[in-house]
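Okay, so here's the structure we're looking at.
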Number of protein chains: 2
Amino acid sequence: MWETLHDISMPRPKSGTILRARTPSGQSVSLKSLAEHLGLSQAAVSLVINRAPGAKSIPQRTQELIRKAARELNYRPNHLARSLRQQRSYTIGVVVPEISEGYAALVMSGIEDHLLQEGYFYFVVSHRHRDELIEEYPLLLQQRAVEGLIAVDTAITGAAEVPLVAVSGHREVPGVTNIVLDHARAAALAMEHLTKLGHREISFIKGQAFSSDTAIRWESVRAAAEALGVTIKDGLVGQLEGESSSPELGYHVTKKLIASGEPFTALFAFNDISAIGAIQALREAGRQIPQDVSVVGFDDIQSAAFQNPALTTVRQPLREMGMLAAETLLRRIAAPPEAPYPKEIVVQPELICRASTAAARNPT
Amino acid sequence: MWETLHDISMPRPKSGTILRARTPSGQSVSLKSLAEHLGLSQAAVSLVINRAPGAKSIPQRTQELIRKAARELNYRPNHLARSLRQQRSYTIGVVVPEISEGYAALVMSGIEDHLLQEGYFYFVVSHRHRDELIEEYPLLLQQRAVEGLIAVDTAITGAAEVPLVAVSGHREVPGVTNIVLDHARAAALAMEHLTKLGHREISFIKGQAFSSDTAIRWESVRAAAEALGVTIKDGLVGQLEGESSSPELGYHVTKKLIASGEPFTALFAFNDISAIGAIQALREAGRQIPQDVSVVGFDDIQSAAFQNPALTTVRQPLREMGMLAAETLLRRIAAPPEAPYPKEIVVQPELICRASTAAARNPT
DNA sequence: AACAGCCAATAAATCGGTTTAGTATCCTAC
DNA sequence: GTAGGATACTAAACCGATTTATTGGCTGTT
């Protein structure tokens, strides 16, 4: 497969394929045929249809005739030809780890909202954490003339010749605008909530090594804990392992935490998915949620609210982050190449208190 | 906004933007510059790079020189120019109701898997059930020269001039290949499961009117019930209402069903999302799952397995359906336009028995 | 010496638009 | 009577590739 991706040659077509819309008579409506039909030049028709400044000198009467004909013959300009000539494709590329994950899907939903409103379309590619794809896809997208890239939870390695906006991705890469959560505040929100409820023995589940938020989240949690005068014991720190995004990962880590014998009354998970798995594991060990152990998730994915018990979680405004990414990217595309651009845009988390947290049973 | 979508004119560029990758010297590497660098014609370079039959007469020595230079200058052919000339865009369009829904996301994941392997890219658009968008998007996509369309859970209204494959969409539209679930079997699986457990008073939640599976699913359930000698009382049939895809919809319908006073010992929901809402409502009414009421969902989305209790559900092979759709579409694109094509491809459901169903307490 | 045939390429058309520079006609003012 | 300017367009270049038809040089044969 990578032979094909790296290969710049074109696959030999197996057979000619009809691409354009055709009139009932079987002919495609091109600018040329439209111009012939009108007895005018392509230039005149193009100017009028695009309401270009150069159409000023063409009388209203003629303009109307042209537009009428275009409508009647159902003329639709070929976007490929346009893009080629104008060096503007009105297309951007979105790189995600995996489409079917709630996280990426929500961000994409925000991206789409803004992009389509502005007349842009986008390509999506998912790399599934494979390095060769993370490197190759941005190049392939640029070959397809995207005007910019959005990387979701992905550290782009190859150099991008177009503006790049990262959602929860990089740290301080030149040329990249980062949309990031205020991690310090996110950690503080959760930890304050738990300590106020009287918890002191708190367990934390770190993300997988490949996830771009893993390091900063753990650092923030540790700092927040310290500021509140509690320490997270080494034995109470777990780490998600494995590629999949199923709750199973959280389930396994939690099993291990329980098996270690170190007691805890609260658990803060890397994300909602793993929190769900953790709850499963705790239940199997005979602990009730939230009476015996309080559990806090992260992200606020849709099903968090409909867990039993409903999950207390730190909400990331994922849809808004997507919209913000798209907005920022289009702004950067419109600006001259040397213009300054924001290095970082910080968004705020929100603590969503539901039923998976409660006062600690035996506050110390 | 729709003004813009319908308008075939081009937005006036605010400023020229750099589109192509550039060498360190600032010049983009085009076929022309590569040919000049080599002292050869563009034709020769193109033939060699594409390993075209016409390159037979060019000696190995020269071919190697050309490829070496291409590699060193990091030449990447402009896909736009290629597509325009060849009338092949290697791009398809995917139309979904809403990206962030688990259903569409899973199907897309399957689509992507197959497409990218075959060197295709795809545009995604989501219409959010708005008729004008359902009509307009396929046209916009065709204007962007897509070679085919995949519609997910969407009945395309406008005529498509390119091959179209629908996942759970149409019924018998000329030119369309349908990928559909064996609904009769799906309904039978669930209803047999429930009746074997002794349930006779079964409630069913229908989908929203706009969902393409709503009618057939209800019809199949009714038929399956009849075949098993049970009838679903009118008072026990609810219907999801509202655009959103949150469990709340299922919650509200179920509240109504409970309020109606008609007793039931089992509930079969239109999808997993609504089943989750239904469970919430039943619990609030003091019914235990599955002791008092058994609940069956539909789809088997990821979080179904990690509900409490884990959801018994009818699994749709969504990822496989996506792959199948992509595969079928590419096959149709490669075939001559008049070639016969499959009207329907049926996939099989699977009953996933988990913990939300149990024997009826008072079998009649 | 003439012709065929092969080799190693190239010139030029093409895809379907956009855009610049220009032309032909008419009107008006001096 | 004609310079100047507006009006109403058009011819042709251009975007960056692919592809067909053609060219010139060389070798070998009769």
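Chain letters run A, B, ... following the sequence lines, proteins first and then strands; every chain starts at 1.
- As rounded to whole Å, 10 Å separates atom P of dT18(C) from atom CG of N78(A).
- A sub-4.0 Å separation between OP1 or OP2 of dT10(C) and a side-chain N or O of S41(B) is present.
- Taking the six-membered ring where the residue is Trp, F123(A) and F123(B) present parallel rings, their angle staying beneath 30° rather than reaching 60°.
- Close to dC14(D), at under 4.0 Å from its OP1 or OP2, lies no side-chain N or O of R85(A).
- With the nearest nucleotide of DNA chain C identified for both L84(A) and P59(B), P59(B) has the one nearer the 5' end.
- Checking the phosphate oxygens (OP1, OP2) of dT19(D), a side-chain nitrogen or oxygen of Q86(B) falls inside 4.0 Å.
- Phosphate proximity of dT18(C) to N50(A): present, with a side-chain N or O under 4.0 Å from OP1 or OP2.
- Over its full length, the helix from dA1(C)-dT30(D) to dC30(C)-dG1(D) turns its helical axis through 80°, comparing axes from the five pairs at each end and rounding to 10°.
- Straight-line distance from the CD atom of E36(A) to the P atom of dC9(D): 18 Å, rounded to whole Å.
- A residue-by-residue look at L31(B) and I58(A) shows that I58(A) has its nearest nucleotide of DNA chain D further toward the 5' end.
- Whole-Å rounding puts the K56(B) NZ to dA9(C) P distance at 15 Å.
- For dG16(D), the OP1/OP2 oxygens have a side-chain nitrogen or oxygen of Q87(A) closer than 4.0 Å.
- For Y75(B) and dG16(D), the OH to P distance is 10 Å, given to the nearest whole Å.
- Residue S46(B) places no side-chain N or O under 4.0 Å from the OP1 or OP2 atom of dA17(D).
- With 3.5 Å as the limit, one finds no donor-acceptor pair spanning the side chains of H37(B) and S33(B).
- With 3.5 Å as the limit, one finds a donor-acceptor pair spanning the side chains of E147(B) and Y120(B).
- Where A43(B) and A81(B) meet DNA chain C, the nucleotide closest to each residue was compared, and A43(B) sits on the side nearer the 5' end.
- Side chains of T177(B) and E344(B): no donor on one and acceptor on the other come within 3.5 Å.
- Residue R51(A) contributes atom CZ, which lies 13 Å from atom P of dT18(C) at whole-angstrom precision.
- Here the side chain of R82(A) is nearest to one of dA17(D), dG16(C), dT18(C), namely dT18(C).
- Contact check on R76(B) versus E136(A) returns a salt bridge, with a Lys/Arg side-chain nitrogen under 4.0 Å from an Asp/Glu carboxylate oxygen.
- Atoms CD (Q42(B)) and C1' (dC15(D)) sit 12 Å apart, rounded to a whole Å.
- Shown here are the salt bridge (Lys or Arg N to Asp or Glu O under 4.0 Å) partners of K68(A), two or more places apart in sequence or in another chain: E72(A).
- For the residue pair T91(B) and R144(A), a side-chain donor N or O sits within less than 3.5 Å of a side-chain acceptor on the partner.
- Spacing between atom NZ of K32(A) and atom C1' of dA12(D) amounts to 14 Å, rounded to whole angstrom units.
- Straight-line distance from the CG atom of L38(B) to the P atom of dT10(C): 10 Å, rounded to whole Å.
- Proximity of I179(B) to S168(B): side-chain heavy atoms (C-beta onward) are nowhere separated by under 4.5 Å.
- The phosphate of dA9(C) (OP1 or OP2) has a side-chain N or O of T62(B) nearer than 4.0 angstrom.
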